[in-house]
Structures are given as structure tokens and as C-alpha cells.
Amino acid sequence: EVQLQASGGGLVQAGGSLRLSCATSGFSFDDFVMGWFRQAPGREREGLACIDTRPGITDYVDSVKGRFTISVDNAQTTVYLQMDSLKPEDTAVYYCAADRGIYCGGPHLPLAFEYDHWGQGTEVTVSS
């Protein structure tokens, strides 16, 4: 059974950093693409980043390029989202997702509906 559990959210001042973690089980990173999303109140879920470890591809939405970094641990059981230079507009609930058969590195990030497996959200609040 594919399982994902996100953690690491919290309250941080603008300009600060947070690292989100997504602990996984039940699948191999060699077969799955992993992604991070966020959803602010009243807004649609937004894709932020994806990683495909086998070819070594990462991709980001423009709004977080240069500030956020997606990575995996050596054991390939945990996916991270390092978030630097945080802004108040980064305030949202953040989710990790995983699925096979989708493509990271195309003309746009994989969309939310393309992922079947989701972790519970972790809340990030950035104060000004």
C-alpha cells in the first residue's frame, strides 16, 4: 500500500526557511514521480515541484524557482521540499503526492489530477 506522510510545516517570518518532509512507504522511487503542491484558502491546489529520481529530473513552477528545492534522501524513502526566502504569499497547506506513469520535466508540471496518492497536508504560515 502506497503511503505518504507530510510534516515540517509551521510559522516562519518572511525571509525565513522551512524544510518539509514526506515520508513514504509501499513503492519504489525508481517507478514513481513525486510532487509537492500547496493550497491556500479559496484557491485551487497548485503544483510546485516534481522529481523523477531515475533520470534525475526536477522541475518547478516559476513562482518558486530559485527559492524552493525538491530532493530525496539516500534511502529514497523521504522526499523533501526546502523552502527559502519565504514570502507571506507562500502561506498555504502543503501536500506531497506520488504516482507512476506521469512525466516530470515536460512543458508544465504534472497536474493534481494526475496523482493518485497523497499525503495529508502540513500547514505553512509566513508572517510579514
Side-chain angles (χ1 to χ4, degrees):
E1 180 185 4
V2 174
Q3 293 187 327
L4 306 165
Q5 184 168 358
S7 62
L11 173 64
V12 63
Q13 288 189 328
S17 298
L18 278 176
R19 189 176 78 161
L20 305 183
S21 299
C22 179
T24 74
S25 62
F27 65 98
S28 169
F29 283 17
D30 282 348
D31 301 322
F32 277 61
V33 167
M34 304 290 300
W36 281 98
F37 289 75
R38 68 185 176 193
Q39 189 164 18
R43 301 189 67 177
E44 292 187 355
R45 193 165 293 190
E46 174 190 23
L48 303 175
C50 62
I51 184 167
D52 188 344
T53 59
R54 180 176 285 182
I57 293 173
T58 60
D59 200 8
Y60 301 88
V61 70
D62 285 347
S63 61
V64 307
K65 278 182 183 176
R67 300 192 299 124
F68 291 9
T69 304
I70 189 170
S71 65
V72 302
D73 67 335
N74 289 337
Q76 296 203 350
T77 59
T78 303
V79 182
Y80 301 105
L81 186 68
Q82 177 67 39
M83 306 188 296
D84 299 318
S85 302
L86 283 162
K87 305 174 182 179
E89 52 263 44
D90 294 318
T91 295
V93 178
Y94 284 69
Y95 300 88
C96 56
D99 212 335
R100 64 172 78 221
I102 56 178
Y103 186 57
C104 174
H108 60 77
L109 289 177
L111 302 175
F113 76 85
E114 297 181 68
Y115 290 92
D116 283 341
H117 308 286
W118 292 85
Q120 87 293 358
T122 185
E123 189 167 2
V124 173
T125 303
V126 184
S127 63
S128 57

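Heavy-atom basis, side chains included; hydrogens, waters and symmetry copies ignored.
- If you chain together hydrophobic residues whose side chains sit under 4.5 Å apart, I102 and I70 never meet in one group.
- You'll find the side chain of D31 reaches within 4.5 Å of the side chain of R54, heavy atoms only.
- Listed here is the closest heavy atom pair of L18 and L86: N-CD1, 3.9 Å.
- L48 and M83 fall within a single hydrophobic cluster, where Ile, Leu, Val, Met, Phe, Trp and Tyr are joined by side-chain heavy atoms under 4.5 Å apart, directly or via other members.
- A single hydrophobic cluster is not seen to contain both V33 and V61; linkage of ILVMFWY side chains at heavy-atom distances under 4.5 Å, directly or through other members, places them apart.
- For the atom pair CG (D59) and OH (Y103), the distance works out to 9.0 Å, reported to the nearest 0.5 Å.
- When side chains are defined from C-beta on, Q82 counts as touching S17, because their heavy atoms get closer than 4.5 Å.
- With hydrophobic clusters built from ILVMFWY side chains whose heavy atoms lie under 4.5 angstrom apart, V64 shares a cluster with V12.
- At least one donor-acceptor pair closer than 3.5 Å links the side chain of R67 to the backbone N or O of S85.
- The two residues P88 and S128 come nearest to each other via the heavy atoms CG-CB, 3.8 Å.
- In this structure the side chain of M34 reaches within 4.5 angstrom of the side chain of L4, judged on heavy atoms.
- Using a 30° and 60° split on the angle between ring planes, Y95 and W118 fall in the perpendicular class, above 60°.
- Between L20 and V124, some side-chain heavy-atom pair lies under the 4.5 Å cut-off.
- Here the closest non-hydrogen pair linking C50 and G105 is SG-N, 4.3 Å.
- Put simply, the side chain of Y60 reaches to within 4.5 Å of the side chain of T69, judged on heavy atoms.
- Under the 3.5 Å distance criterion, the side-chain polar atoms of D52 are left unmatched by any main-chain donor or acceptor of I57.
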- Message: Could you walk me through whether K87 and D90 satisfy the salt bridge (charged side-chain N to carboxylate O under 4.0 Å, His left out) test, starting with their C-alpha distance in whole Å, then the side-chain angles of each, then the deciding distance to 0.1 Å, before giving a yes or no?
- Response: CA-CA 5 Å; K87 305 174 182 179; D90 294 318; over 6 Å; no

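- Here R38 contributes atom CZ and R45 contributes atom CZ; the two are 13.0 Å apart, rounded to the nearest 0.5 Å.
- Counting only heavy atoms from C-beta outward, the side chains of S63 and E89 never approach each other to under 4.5 Å.
- Side chain of D116 to backbone of D99: no donor-acceptor contact under 3.5 angstrom is found.
- Q5 places no side-chain N or O within donor-acceptor distance of the main-chain N or O of Q120, the cut-off being under 3.5 Å.
- Side-chain heavy atoms closer than 4.5 Å link hydrophobic residues (I, L, V, M, F, W, Y) into clusters, and following such links, even through other members, never connects V93 to W36.
- Ring pair F32/H117 is tilted by interplanar angle, where 30° to 60° counts as tilted.
- A cation-pi arrangement is found for R19 relative to Y80, the charged atom lying closer than 6.0 Å to the ring centre and inside a 45° cone about the ring normal.
- Panel note: side chain T24, backbone T77; a donor-acceptor pair is recorded below 3.5 Å.
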- Task: Evaluate ring pair (Phe, Tyr, Trp, His ring centres under 6.0 Å) for Y115 paired with F113, printing each intermediate quantity in order.
- Result: CA-CA 5 Å; Y115 290 92; F113 76 85; 9.6 Å; no

